[in-house]
**Student:** 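First the structure, which I've put down as structure tokens, then a few questions once you've had a look.
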Amino acid sequence: METTLDIQERATALLRRFYGYNSFRPLQLDIITTAVERRDCVVLMPTGGGKSICYQIPAMLGDGVVIVVSPLIALMKDQVTALTANGIPAAAVNSMQTEVENHHIMQQLFTGRIKILYISPERLLMEIDRWSRDLNISLIAIDEAHCISQWGHDFRPDYTRLARIKELYPHVPIMALTATADRLTREDIAKQLCLNNPRLFIGSFDRPNISLRVMTNPGKSKRVSYICSLIDRYRHDSGIVYCISRKNAESMNAELKLRGYKSVVYHAGLSVTERNAAQDKFISGEVQVVCATVAFGMGIDKSNIRWVVHNNMPRNIESYYQEIGRAGRDGVKAEAVMFYSYADIATLQNFVDESGQQSINTEKLNRMKEYAEASLCRRRILLSYFNETMDHDCGNCDVCLNPPERMDGTILVLKALSAIVRVNGAVGVTMLIDILRGASRQELMQRGYHLIKTYGAGRDLSFGEWNSYISQMIQLGLIDIAYNENNHLKLTAYGLKVLTERSQVILAKYVPFERSSRKQKGKEVVEPQLTPAERLLEQLKEVRLKLARKEQVPPYIIFSDKALLEMVRMEPVDMESFSKVEGVGEKKTVKYWKPFVTAIRKFKGISESLGAGLSHEETLLLLNAGYDVGAIAEAKNIKTQTVYNHIASLIREDKLSDFSSVITREQYLRVMEIAKENKEDMYQVLAKEMPLGLPSVALAISDFLLRHKANS
Ligand code: ADP
Ligand code: ZN
């Protein structure tokens, strides 16, 4: 029997060969081994944590097939394309394909030509009884497994019937995967699927490459200009703006389009066709932004999403984390920015009140609010929510990067609190600031607020400063927002005490929002100064885009941003060094090394072009990777005879010394025999017995042996 170590060694080789990655992430190898050892497991990892590889590699480790059950039909195509691009035979059956197609795929599954099958739960339940028990299944993976639980946030009744799998196939291991963390859901998954003593794997929920930032009460123009600055900064990549409602998504989309950006809208109010079209445009990179409601993004596996903006605060931390997790799946730097406004709280509270599970959901909303208002490292707050402790500040959130400088805010607090008292708690934040700053807007005058004592008492501070200080007063519990009364501000008992006792209050000093250096108006776009590495990256992205257009696949299917960054770092100038780049597997090496290496050579000013001789090197690489001659000919689209000629040259150049996979001992001896007795027409004679080109390999070997005998 194969030992765990053997399995792990083979798995690592497959990871290198098919995905081009050098090492597994934490837990991946243990999960794979568990599956190969035919034991059930539950896998909890954040979005982008690397779950797919856990069930894909077992498909290549064993003789059987892997069945992947997923409710995300729209994304199956994408997964299959990505696998195929890496040289792994995969397919999907679902309601988006014709019955003829589905039937054909099932046939291929039975003949072993497909190693990984994606299937929807309803389809699986339809098919599974008909599958002969002889179908050799290595593993059944249940993706988005939280859908089986009523406790989860996305319950799907179809999922509950999946318990049938264990009944029919008690000995096939099941791997249930989800990005949802809470304990109830997790236990429910195992119970509902009737898993047999499953191992539980909980990955770290930390996604250190995503920077976190919250902006409190930004006005509309500030929001829009911030989003524009993100689009500009990542103009070759894309981002998502999550909005609280369809209307809100539509209006943000309109704002961005007005400013000339390529944006689409996505929400449940659109028809399926419209939604698919929007998603396709986003995935293919045709648009840079999608303005969407939460309906968007389940399972989106686009690795070059560089930023996610929440135009409104989400309902709970689970959703928030899942949504920001769609950014930076390739592990490269990404940004998550949330706009937090008090006005949203009322809307969110309404959702909660209508949700049926009021008390749980109110609690969840409160935790979200605490996150938004925090003056501690935000990542620590998030991770502690998922019961993970982090013993240091992250250094990659707004709080860590701009640790608040403290100041004595007593005077400011007294001014604000007394103004609230004087207007009988009948104003919201904006009006309060206008009063303090002595604005002369009509409504203010009409209501006589210009006559109160504190009118204009805070003229020396900007609107932004007051905005920040008032939110801190709210966080400190001096002021309460009456969400049920137009978000009017009220003094709390603590606020009243501070006001009467004039006690000292420490506030965090206001840090202004750094504006984008470029002007948005008038469309005059100043090209940013790029470093050489950034220039090369842009050129490689161009190469990728051209290839993607030609093959009609999204750019990230060719290579992830991460892989391109690695190319920039390593600057491979030939095929061999290209094949060593992290994220470049075997199939993609052969297919794509030329255009990328050519671009890099040009960038480095290497004038000599890639000669024909390099084709030999390619053959050598493939031989070393275990391809046989037929497979090499197919991969490179050349004749087998040409491949043999390459091999003969490689042997003559002393670059290849293991011939066992190329020629048998009998074939070699036969060539030697004929060569000795009949040199004139030996090729004609041998052509009847063995592939063309093989005799020249034998002759090269003979010379090689002579040469080395002479040397030793
Ligand atoms: P999930 O399904 O958990 O959301 P994925 O399986 O899509 O995440 O993985 C996210 C990204 O991480 C993908 O681009 C994937 O190729 C990459 N990835 C996964 N495992 C590794 C690894 N061991 N080394 C490098 N990159 C990896
Ligand atoms: Zn931090």
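All ligand and atom numbering here is 1-based and tracks the order in the structure. Side chains included, hydrogens not; waters and symmetry mates left out as well; all remaining heavy atoms used.
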**Student:** Taking the six-membered ring of Tyr21 as reference, does the cationic atom of Arg16 (NZ for Lys, CZ for Arg) lie under 6.0 Å from its centre and within 45° of its axis?
**Tutor:** no
**Student:** Got a sec, which residues hit ring pair (Phe, Tyr, Trp, His ring centres under 6.0 Å) with Phe18, two or more places apart in sequence or on another chain?
**Tutor:** none
**Student:** Can you find an N or O of Glu582 that's nearer than 3.5 Å to an N or O of ligand 1?
**Tutor:** no
**Student:** For Tyr19, give me all partners under ring pair (Phe, Tyr, Trp, His ring centres under 6.0 Å), at least two apart in sequence or on another chain.
**Tutor:** none
**Student:** Report yes or no: does a heavy atom of Ser560 sit under 4.0 Å from some atom of ligand 1?
**Tutor:** no
**Student:** Going through the checks in order, is the side chain to side chain donor-acceptor pair (under 3.5 Å) test met by Glu144 and Tyr159?
**Tutor:** CA-CA 10 Å; Glu144 311 291 340; Tyr159 255 58; over 6 Å; no
**Student:** Could you say whether the N/O atoms of Asp330 and ligand 1 ever approach to under 3.5 Å?
**Tutor:** no
**Student:** Hey, could you give me the OH/SG distance between Tyr266 and Cys243, rounded to the nearest 0.5 Å?
**Tutor:** 14.5 Å
**Student:** For atom 13 (C) of ligand 1, which candidate among Lys562, Arg329, Gln79, Arg326 provides the closest heavy atom?
**Tutor:** Arg329
**Student:** Going by heavy atoms, is Met45 under 4.0 Å from ligand 1?
**Tutor:** no
**Student:** Between Leu382, Leu401, Asn396, which is the residue that forms a side chain to side chain contact (heavy atoms under 4.5 Å, CB included) with Leu212?
**Tutor:** Leu382
**Student:** Could an N or O of ligand 1 be found under 3.5 Å from any N or O of Gly50, whether backbone or side chain?
**Tutor:** yes
**Student:** In ligand 1, which numbered atoms sit nearer than 4.0 Å to a non-hydrogen atom of Ser52?
**Tutor:** 2 (O), 5 (P), 6 (O), 7 (O)
**Student:** Taking the non-hydrogen atoms of Gly331, is any one of them nearer than 4.0 angstrom to ligand 1?
**Tutor:** no
**Student:** Counting no waters, how many protein N/O/S atoms sit under 2.8 Å from the Zn ion (ligand 2)?
**Tutor:** 4
**Student:** List the residues meeting ring pair (Phe, Tyr, Trp, His ring centres under 6.0 Å) with Tyr321, not counting sequence neighbours, and say none if there are none.
**Tutor:** Phe386
